[in-house]
Q: 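To start, I am sharing the structure in question, which I have written as structure tokens.
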Amino acid sequence: MVISARKLAKMPDLLQIGGITDTMQERLAAAFTIHQLDAFDADKITHVVTNGHDGVNPDLMASLTNLKVISGYGVGYDAVDANEAARRGIIVTHTPNVLNEEVATTALLLMLSCYREVLRDDEYLRSGEWEAKGNAPLTRSADNQTVGILGLGRIGQAIADKLAPWNAKILYHTRTKKVLPYTYYDDLTAMARDCDVLICITPGGPSTNKIVNAEVMEALGPKGTLINVSRGSVVDEMAMIEALKSGKLGWAGLDVFEEEPKVSQALRDLPNTVLLPHVGSGTMETRAAMGALVVDNLLQNLKDGTVISPVPECAGL
Ligand code: NAP
Ligand code: 8YV
């Protein structure tokens, strides 16, 4: 029997956190010995593959003394302390750009579903009400709306582009003004007051924690629609439920939640919401592109010590 030299050479040790696709598994197994969380030797692990939800907790990061790279499946990396990783010389990578269009489509899907009452009208037909009562009640047009985008980065700009055919007027709030042909607001409440729809697409983490608070939602108002495709932490969920119940806020289309996958019964019971189970990037095509980039980052690091898409905190490593 001929055993290849590569098989005899010891492969580096990769810790897998969370699920990965079959394609990712095949490509990674050809280059790494893959370990699961229930059985691994911390000193041996040089690379980690994880996702945006699980990240890497601080105790685990501290225990992996020879860790070089954390490769994350997702663009948001709020579940990893990237500053601490950089301090330890660990490169964190993520999957920017390959999911921009998909997440933007999800934001628009939620906006359209709220405006055109897709869930209500689907139920109107299925329940037999159409036949029994006649035509369904009218809905609101999603054309010609003023849309405020909270976070005009890669995905925020894709959302603005996709809104152009609907003749939307685009406002935005970020910490720094961008060189873009949209109206900048340095105050989120003031922007909420001036728009029909507020779309949240910032990162999660301390700087955005509950920045969409009761005041912002009241400013958006009874005819206003809140869309959140960023992180559940960005919106004060209790305040949102109160505002939606009392009518101070009109509608909410949500892909992300504070305690996901747990979603409060109060929110599920509200008729003026459209709720999705964090599927912003969840198509086969986009998840394949994300998975490929996750693996490419790890393989490039084995080859020459660099990565393709480090998070900004680790770009200089
Ligand atoms: P990005 O290019 O880094 O854009 C982030 C934008 O948010 C920037 O314009 C940034 O501008 C702004 N921002 C950051 N902190 C802010 C703050 N405290 N207040 C106001 N604006 C702030 O990121 P991206 O690729 O567009 O992704 C954005 C986020 O979307 C991800 O981090 C993730 O949480 C979420 N996401 C969700 C899904 C999903 O499945 N639902 C999928 C992908 C991504 P300034 O720095 O000037 O403030
Ligand atoms: C992922 C996301 O589904 O990219 C992100 O930030 O939220 C989604 O694309 C999530 O990270 C799970 O890995």
Side-chain angles (χ1 to χ4, degrees), residues 16-21 24 49-56 70-80 82 92-110 148-162 170-180 182 184-192 198-213 216 227-235 253-257 260-261 275-291 293-294 309-313 315:
Q16 178 190 333
I17 300 175
I20 56 176
T21 64
M24 289 168 74
V49 62
T50 186
N51 57 62
H53 186 76
D54 294 313
V56 176
I70 296 169
S71 185
Y73 181 77
V75 67
Y77 54 96
D78 44 303
V80 177
V92 179
T93 70
H94 64 155
T95 60
N97 295 316
V98 293
L99 40 59
N100 293 351
E101 298 305 322
E102 213 66 74
V103 182
T105 298
T106 305
L108 269 58
L109 173 71
L110 285 168
I149 302 182
L150 168 57
L152 197 67
R154 291 171 290 247
I155 303 171
Q157 288 175 51
I159 293 172
D161 289 346
K162 286 194 191 227
I170 304 293
L171 321 177
Y172 72 100
H173 170 69
T174 50
R175 292 167 301 183
T176 51
K177 192 173 187 290
K178 317 291 171 199
V179 188
L180 287 166
Y182 305 121
Y184 178 66
Y185 281 71
D186 61 8
D187 184 83
L188 177 57
T189 307
M191 181 173 84
L198 174 62
I199 301 183
C200 308
I201 188 62
T202 58
S207 87
T208 56
N209 192 42
K210 292 186 173 38
I211 55 172
V212 179
N213 56 22
V216 171
I227 303 298
N228 189 8
V229 284
S230 57
R231 287 288 182 264
S233 59
V234 172
V235 175
L254 309 169
D255 184 47
V256 286
F257 304 87
E260 63 183 53
L275 310 177
L276 293 178
H278 200 149
V279 291
S281 64
T283 62
M284 289 180 278
E285 294 85 349
T286 295
R287 288 291 168 84
M290 289 163 64
L293 184 50
V294 169
S309 49
V311 303
E313 292 86 338

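Read the numbers this way: they start at 1 and go in the same order the structure lists the ligands and their atoms.
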Q: Considering distance alone, does some N or O of V103 sit under 3.5 Å from an N or O of ligand 1?
A: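 Checking ligand 1 against V103, no N or O pair falls under 3.5 Å apart.
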Q: Closer than 4.0 Å to some heavy atom of L152 - which atoms of ligand 1 meet that?
A: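 Heavy-atom distances to L152 below 4.0 Å select 9 (O).
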Q: How many angstroms lie between atom CG of L99 and atom CG of L293, to the nearest 0.5 angstrom?
A: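 L99 CG to L293 CG: 9.0 Å, rounded to 0.5 Å.
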Q: Which residue and atom name correspond to the protein heavy atom nearest atom 1 (P) of ligand 1, and how close is it?
A: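 That would be R154 NH2, 3.6 Å.
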Q: Run the numbers for me: atoms of ligand 1, each under 4.0 Å from some heavy atom of S281, listed by number.
A: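 Result: 40 (O).
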Q: Identify, with sequence neighbours excluded, every residue that meets side chain to side chain contact (heavy atoms under 4.5 Å, CB included) alongside E101.
A: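 With sequence neighbours excluded, E101 shows a side chain to side chain contact (heavy atoms under 4.5 Å, CB included) to A158, K162, given in chain and number order.
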Q: Can you list the ligand 1 atoms lying under 4.0 Å from a non-hydrogen atom of K178?
A: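 Answer, ordered by atom number: 9 (O), 11 (O), 45 (P), 47 (O).
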Q: Using a 4.0 Å cutoff against the non-hydrogen atoms of T176, which atoms of ligand 1 qualify?
A: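 Result: 45 (P), 47 (O).
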Q: Would you say ligand 1 has an N or O under 3.5 Å from any N or O of H278?
A: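 Yes - when backbone and side-chain N and O of H278 are compared with those of ligand 1, one distance drops under 3.5 Å.
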Q: Got the residues with a heavy atom under 4.0 Å of ligand 2, by chain and number?
A: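 N51, G52, Y73, G74, V75, G76, L99, R231, H278, S281, R287, M290.
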Q: Can you name the one residue among N228, T202, L150, T189 that meets side chain to side chain contact (heavy atoms under 4.5 Å, CB included) with V212?
A: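 It is L150; the other options fail the test.
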Q: Any side-chain to backbone donor/acceptor pair from S71 onto T93? Under 3.5 Å, distance only.
A: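 Not a single qualifying donor-acceptor pair exists.
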Q: Taking 4.0 angstrom as the limit and counting only heavy atoms of G151, give me the atoms of ligand 1 inside it, by number and element.
A: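 What qualifies from ligand 1 is 6 (C), 7 (O), 9 (O), 12 (C).
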Q: Considering both backbone and side-chain atoms of D78, is one of its nitrogen or oxygen atoms within less than 3.5 Å of a nitrogen or oxygen in ligand 1?
A: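 Not met; the criterion fails.
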Q: Only heavy atoms of V229, strictly under 4.0 Å: list the atoms of ligand 1 that pass.
A: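 Listed by number with element, the hits are 35 (C), 36 (N), 37 (C), 38 (C), 39 (C), 41 (N).
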Q: If you measure from CG on L188 to OG1 on T174, what distance do you get to the nearest 0.5 Å?
A: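 L188 atom CG to T174 atom OG1 measures 11.0 Å (nearest 0.5 Å).
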Q: Tell me: protein heavy atom nearest atom 5 (C) of ligand 1, and distance?
A: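 Going by distance alone, atom 5 (C) of ligand 1 is nearest to P203 CD, 3.7 Å.
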Q: Which of the atoms in ligand 1, numbered in the order shown and given with their element, are less than 4.0 Å from a heavy-atom of D255?
A: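 Near D255, the atoms of ligand 1 are 39 (C), 40 (O), 41 (N).
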Q: Quick check on P96 - does any of its heavy atoms sit under 4.0 Å from an atom of ligand 1?
A: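 Per 4.0 Å heavy-atom rule, P96 does not contact ligand 1.
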Q: Is G153 in polar range of ligand 1, meaning some N or O pair under 3.5 Å apart?
A: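 Yes.
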Q: Indicate yes or no: does an N/O atom of I201 lie under 3.5 Å from an N/O atom of ligand 1?
A: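 No: no nitrogen or oxygen of I201 is under 3.5 Å from one in ligand 1.
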Q: Measure the CD-CD1 distance between Q157 and I201 for me, rounded to the nearest 0.5 Å.
A: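 Answer rounded to 0.5 Å: 12.0 Å.
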Q: Give the atoms of ligand 1, by number and element, whose distance to some non-hydrogen atom of G280 is under 4.0 Å.
A: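 Under 4.0 Å from G280, ligand 1 has these atoms: 39 (C), 40 (O).
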Q: Got a donor-acceptor contact below 3.5 angstrom from the H173 side chain to the Y185 backbone?
A: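 Yes.
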